[in-house]
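Written below as C-alpha cells is the structure these notes are about.
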Amino acid sequence: MEEIPTKRPRVELLNDVHSHPAKSNEKDETYSEEQYSSMSKYFQKSVRRLKSDFYEQPCITLAKNLLGQILVRKLPDGTELRGRIVETESYLGGEDQASHSRGGKQTERNMAMFMKPGTMYVYQIYGMYFCMNISSQGDGAAVLLRSLEPLEGLHHMQTFRRNLRKSNSKPLKNKDLCNGPSKLCQAMVLDKSFDRRDLVTDPMAWLEEEENKIADKDIVSCERVGIGNAGVWTSKPLRFYIRGNIYVSIRDKTAEA
DNA sequence: CATCTGATGTGCT
DNA sequence: GCACATCAGATGA
C-alpha cells in the first residue's frame, strides 16, 4: 500500500463532506440557470460506465475521444462529483521526449503508464499538486486530464479547492474550479492513492459515456503546456480541447484561427 | 491582459 | 543537486 503524500488528512476531507451533506433532489445553488438546464438534460439520460474497450485506443485517438466524457468521483459518504472532460494532452511514451516514459523507461513512479488501458496514473508534481492521467493503448502511453467543466457537486469542489487557500480568499468562480490538471485533482479529491487503479472497475472513480461525440471541427489541437524544452516534441500538437469552451485552462488563439 | 515569484518535496541523474 | 505535465497572488500596462 502506498502512503498518501498529502498534508490534508483524510479525516479532514470527511468532515468537510459531512458539513455539506449532499442534497440530491435540490438544485445546486452554485449553478447558473444555463448550467442547470444543461445538467438536467444530462440527468435525464441513462448513463453508463465506459468499459475497457473504450480505453483500448491509440493515445491521440483516446485523448480526442475523452473530450465530452464525464469523470465521476464517489466520496466515502456516497456523494458523487461529476465533471465533463474539456481538455486533454497525449503523452505517447517511448519516442515522446516530454513523457515520463521517454525512452521506454519504466520506474516506480510511471508504472501505471505501462499498465492496461484505463488505468489511472496519478503523480505528484511541484511537491504539492497531483496530475491525473489515463493509460491508453501503446507502451508507456497515457492521456493527461487538463480541465473539466464541473457538473455536479460544485459546492463540495469549492470546499476542497479552498481548503488549500487562505481563509480570507474569495469564493472561486465555477470556471476556476477544475481548469487545470492539478485544480481538477483538488476539486475531485484525486491523489496518489488512485495511482494504478482501474477506471473500468473502481468503486470510487469512473467515466460515464457522453453520447454526443465532439466533432473534429470542434476540437482544437495545439502545443502541450508546461513541458519545457523537449526538442521537437515541445511543439507537437498533442493538446486537445473543445473549441470555445470556457472551462479550458489555456486557450491557443493561433491554433483556433 | 502579460509576466514574474514563492511555495513545496519527490524522483531521478 | 536540480528539474518538475502547477497554482495563486502580485505587479505593470
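Below, chain A is the first sequence line, B the second, and so on; all start at residue 1. Here the structure is a predicted model, which is why all the values come from computation and not from measurement.
- A/Lys183 places its NZ atom 15 Å from the C1' atom of C/dA5, with the value rounded to the nearest Å.
- Spacing between atom CZ of A/Phe130 and atom P of B/dT8 amounts to 15 Å, rounded to whole angstrom units.
- At the heavy-atom level, A/Arg224 lies nowhere under 4.0 Å from the strands shown.
- Rounded to an integer number of Å, the gap from CD of A/Gln124 to P of C/dA5 is 13 Å.
- The distance between atom OH of A/Tyr126 and atom P of C/dA3, rounded to the nearest whole Å, is 11 Å.
- Within the structure, every side-chain polar atom (N or O) of A/Lys105 is placed at least 4.0 Å from both OP1 and OP2 of B/dG11.
- The salt bridge (charged side-chain N to carboxylate O under 4.0 Å, His left out) test applied to A/Glu95 returns no partner, not counting sequence neighbours.
- Not counting sequence neighbours, the partners of A/Arg49 by the side chain to side chain contact (heavy atoms under 4.5 Å, CB included) test are A/Trp206.
- At a threshold of 4.0 angstrom between heavy atoms, the contacts of A/Leu144 include nucleobase atoms, whether or not backbone atoms are also involved.
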Side-chain donor-acceptor pairs of residues 112-122 of chain A under 3.5 Å, sequence neighbours excluded:
{"residue": "A/Lys116", "atom": "NZ", "partner": "A/Asp198", "partner atom": "OD2", "Å": "3.2"}
{"residue": "A/Thr119", "atom": "OG1", "partner": "A/Lys116", "partner atom": "O", "Å": "2.6"}
{"residue": "A/Tyr121", "atom": "OH", "partner": "A/His100", "partner atom": "ND1", "Å": "2.7"}

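- No side-chain donor from either of A/Arg102 and A/Gln97 sits under 3.5 Å from a side-chain acceptor of the other.
- For A/Arg161 and C/dA8, the shortest distance from a side-chain N or O to OP1 or OP2 is below 4.0 Å.
- Distance A/Ile125 CD1 to C/dC2 P: 18 Å, rounded to the nearest Å.
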* For DNA chain B, what dot-bracket results from Watson-Crick or G-U pairs at under 3.5 Å, with [ ] for crossers and | for inter-strand partners? -> |||||||.||||.

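- Distances were taken from every side-chain heavy atom of A/Thr107 (C-beta onward) to each of B/dC12, C/dC7, C/dA5; the shortest belongs to B/dC12.
- Applying the 4.0 Å criterion to OP1 and OP2 of B/dC12, one finds that A/Arg109 has a side-chain N or O inside that range.
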* Between A/Phe194 and A/Met188, is a side-chain contact (heavy atoms from CB on, under 4.5 Å) present by the stated rule, with each step listed? -> CA-CA 11 Å; A/Phe194 280 85; A/Met188 302 289 276; over 6 Å; no

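- Rounded to whole angstrom, the span from the CD atom of A/Gln106 across to the C1' atom of B/dC12 amounts to 16 Å.
- Taking atom NZ of A/Lys170 as the reference point, atom P of C/dG9 lies 11 Å away to the nearest angstrom.
- Taking atom NZ of residue A/Lys175 and atom C1' of nucleotide C/dC7, one finds them 14 Å apart after rounding to whole Å.
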For residues 64-72 of chain A, which side-chain N or O atoms pair as donor and acceptor with protein atoms under 3.5 Å away, sequence neighbours left out?
{"residue": "A/Asn65", "atom": "OD1", "partner": "A/Lys213", "partner atom": "NZ", "Å": "3.3"}
{"residue": "A/Asn65", "atom": "ND2", "partner": "A/Gln57", "partner atom": "OE1", "Å": "2.6"}
{"residue": "A/Asn65", "atom": "ND2", "partner": "A/Thr61", "partner atom": "O", "Å": "3.4"}
{"residue": "A/Gln69", "atom": "OE1", "partner": "A/Glu210", "partner atom": "N", "Å": "3.0"}
{"residue": "A/Gln69", "atom": "NE2", "partner": "A/Asn65", "partner atom": "O", "Å": "3.1"}

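- Relative to the side chain of A/Met128, the nucleotides C/dA5, B/dA7, C/dT6 differ in distance, and B/dA7 lies closest.
- Under the rule for a side-chain hydrogen bond (donor to acceptor under 3.5 Å, both in side chains), A/Arg243 has no partner lying at least two apart in sequence or in another chain.
- Across all strands shown, A/Met113 has heavy atoms under 4.0 Å from base atoms, whether or not it also approaches the sugar-phosphate.
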